[in-house]
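Since the model is a prediction, treat every value here as computed from it, not as a measurement.
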Amino acid sequence: MRALTVVAVVGLSFGLGYYVGQRPDEVKQHLQHLSGELIEQTIGLDVDRRLAVERELLEAKASLLEAEIHLLTENRQRATQQLERTLRHLTTALEMDVDGERSAHIRDLRDRVKGLREHMTRGEPLSPQVFDDVQRDIDALRS
């Protein structure tokens, strides 16, 4: 019985290590998201939806900035991944905006980022200025 337990633990450790080694960025993003949720629940921020929307908008802006950096370093695949992450944050912000005062603007931003992602996946050239414009719109939405 003891040998079977040791084999199971070693096998599980190897499997998890292999998985993390194959997808380090996905695992890192997932762990960051989980730790953020844990901190929010611990200190009670999940009660204030407006603050949660602000956080999601900040996360969207950070992901958009990373996408721009990857575009400038000509890593289009990573830039597209960051645009996907930006879309997830904007969608979450849209779902959390219960009072609906910014929903139309968030929806417009999400549609613009979808357009950027489509241009990126087709391999069309994009100007960094487009990313800056979207970042300014996110800042305007936050204020």
Cluster membership besides Val10, Ile/Leu/Val/Met/Phe/Trp/Tyr side chains within less than 4.5 angstrom, sorted by chain and number, is Val6

Among Asp108, Leu57, Leu64, side chain to side chain contact (heavy atoms under 4.5 Å, CB included) partner for Leu90: Leu57

Are Val113 and Val130 connected in the hydrophobic side-chain network, where two residues link if heavy atoms are under 4.5 Å apart? yes

Should Val53 and Leu141 be regarded as members of a common hydrophobic cluster, given that ILVMFWY residues are connected when their side-chain heavy atoms come within less than 4.5 Å of each other, either directly or indirectly? yes

Would you list the atom pairs, donor with acceptor, under 3.5 Å between side chains in residues 119-128 and any protein atom, with sequence neighbours excluded?
residue : atom : partner : partner atom : Å
His119  : ND1  : Arg122  : NH2          : 3.3
His119  : ND1  : Glu124  : OE1          : 2.3
Thr121  : OG1  : Arg117  : O            : 3.3
Thr121  : OG1  : Glu118  : O            : 2.9
Arg122  : NE   : Glu124  : OE2          : 3.0
Ser127  : OG   : Gln129  : N            : 3.1

Ser63 and Thr86: which non-hydrogen atoms are nearest, and at how many Å? CB-OG1, 3.1 Å

Heavy-atom pair of closest approach, residues Asn75 and Arg78: ND2-CG, 3.0 Å

Could you measure the distance from the [atom1] atom of [X] to the [atom2] atom of [Y]? Nearest 0.5 Å is fine.
X      : Y      : atom1 : atom2 : result
Arg102 : Leu94  : CZ    : CG    : 11.0 Å
Ile106 : His89  : CD1   : NE2   : 13.5 Å
Glu66  : Gln81  : CD    : CD    : 11.0 Å
Arg55  : Thr92  : CZ    : OG1   : 8.5 Å
Thr91  : Arg88  : OG1   : CZ    : 9.5 Å
Leu65  : Gln135 : CG    : CD    : 5.0 Å

Indicate yes or no: at least one non-hydrogen side-chain atom of [X] is less than 4.5 angstrom from one of [Y].
X     : Y      : value
Arg85 : Glu59  : yes
Leu83 : Phe131 : yes
Glu56 : Met96  : yes

Apply salt bridge (Lys or Arg N to Asp or Glu O under 4.0 Å) to Asp139 and Arg136, showing your working. CA-CA 5 Å; Asp139 286 337; Arg136 271 193 293 279; over 6 Å; no

Compute whether any side-chain donor of one residue and acceptor of the other, for Gln82 and Glu68, lie under 3.5 angstrom apart. no

Residues two or more places apart in sequence or in another chain: which of them pass side chain to side chain contact (heavy atoms under 4.5 Å, CB included) with Ser13? Val9

